[in-house]
Amino acid sequence: MPSFPALLRDDVTEAEAERLQGEFKARVQLRPLPMPRTATGVDIAYQTTSSAAAVAAAVTVAIPSMKLIETAQVAGSCPFPYVPGLLAFRELNLVSRALQTLDQPVEVLLYDGHGIAHPRRFGAASQLGLAFGIPSIGCAKNRFHGSMAGGLEAGRFATAPIRDDATGEVLGVAMRMQDNAKPVYVSPGHLADIASAVEIVKACAGGSRLPEPIRQADATARKHVRFFEE
DNA sequence: GCGACAG
DNA sequence: ATCTTGTCGC
């Protein structure tokens, strides 16, 4: 059960959503997180770009074997529009419903989006982790807030810091999951720090560009979205 | 005013 | 995010 259900609402206005982020962002905690035994990836697949029909999936795998432990998926709607900075209000309601159908406890959440690498240091990964009081890590496919400092080497697991353009504060890292692959953007969500987040995402590396828990959640969600449409 | 803009 | 075939490469 979530500690802060308000962070999972999808029936708020944009103004209310921003107010909620401002109210809760200070409760995010960054600290070392010991290597967990499992990681749970979550993702959503939509039937249409702008519409609400979607399927959320949660997949728990063992670390470091990446063997499947449990998977859950739920179909529903995401009525809140996509607004840069407010992704949480579009996705977390459905995501939370998928999470609550898991039988096994969740040790750390890997979210397909940013954590503190966000204009208000409160991306969807942070909001999800805080809502449930569970450690979370953001792992996004594209940069959103901040810029990469310096160059990024070509090899697997090469990293480069992502820092706030105004303050210079390091918010996360860009990291290649495979040689020469486009990097993913890793930032702490909640109850983890940058170093821990990087080590955990590394431990979840498989053979693709995305960490295995997220790749599997993505695959599961789109498979079911397709099935529900037919 | 002109870009930038997670999914 | 999603619409989409073949094609280049490991």
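Here is the naming used below: chain letters follow the sequence lines, and residue numbers restart at 1 for every chain. Since the structure is predicted, the reported quantities are computational estimates derived from the model, not experimental observations.
Remark: ring of A:Phe144 stacked against base of B:dA6; centroid gap under 5.5 Å, plane tilt under 30°. The side-chain ring of A:Tyr82 is not stacked on the base of C:dA1, judged by centre separation under 5.5 angstrom and plane angle under 30 degrees.
Note: CZ (A:Phe80) to C1' (B:dA6) measures 14 Å, nearest angstrom. Rounded to whole Å, the distance from NE2 on A:His118 to C1' on B:dG7 is 12 Å. If you measure from atom OH of A:Tyr185 to atom C1' of B:dG7, you get 15 Å, rounded to the nearest angstrom. Between the CD1 atom of A:Ile116 and the P atom of B:dA6 there is a distance of 18 Å, given to the nearest Å. The distance between atom CZ of A:Arg90 and atom P of B:dG7, rounded to the nearest whole Å, is 13 Å. Here the P atom of nucleotide B:dA6 and the CZ atom of A:Arg120 are 13 Å apart, to the nearest Å. Between A:Ile214 atom CD1 and B:dG7 atom P there is a gap of 10 Å when expressed in whole angstrom units. Going from atom CD1 of A:Ile44 over to atom P of B:dG7 covers 13 Å, rounded to whole Å.
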Could you go step by step and tell me if A:Phe24 and A:Phe122 meet the ring pair (Phe, Tyr, Trp, His ring centres under 6.0 Å) rule?
CA-CA 9 Å; A:Phe24 283 94; A:Phe122 198 56; 7.4 Å; no
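Within the 4.0 Å cut-off from OP1 or OP2 of B:dG7, at least one side-chain nitrogen or oxygen of A:Asn142 is found. Dashed line: the shortest gap from a side-chain N or O of A:Lys141 to OP1 or OP2 of B:dG7 is under 4.0 Å.
The existence of a salt bridge linking A:Glu16 and A:Arg9 is excluded, since no basic side-chain nitrogen approaches an acidic carboxylate oxygen closer than 4.0 Å. Electrostatic pairing of A:Asp112 and A:Lys141 counts as a salt bridge here, judged by a charged N lying under 4.0 Å from a carboxylate O. Between A:Arg37 and A:Glu107 there is a salt bridge, with a side-chain nitrogen of the basic residue lying less than 4.0 Å from a carboxylate oxygen of the acidic one.
Counting non-hydrogen atoms under 4.0 angstrom, A:Leu86 reaches a base of the nucleic acid. Here A:His145 lies out of heavy-atom contact (under 4.0 Å) with every strand. A:Ala124 comes within 4.0 angstrom of a base, heavy atoms only. When heavy atoms are screened at a 4.0 angstrom cut-off, A:Gly138 is found touching no nucleic acid atom at all.
Of the candidates B:dC5, C:dT2, B:dA6, the closest approach to any side-chain atom of A:Arg143 belongs to B:dC5.
At least one side-chain heavy atom of A:Arg222 sits under 4.5 Å from a side-chain heavy atom of A:Asp218. Looking at A:Leu210 and A:Val184, their side chains come closer than 4.5 Å, going by heavy atoms from C-beta outward.
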Using a 3.5 Å limit on both pairing distances, list the dot-bracket string of DNA chain C from the 5' end; Watson-Crick and G-U wobble pairs count, crossing pairs take [ ], interstrand pairs take |.
..........
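Side chains of A:Glu91 and A:Tyr82: no donor on one and acceptor on the other come within 3.5 Å.
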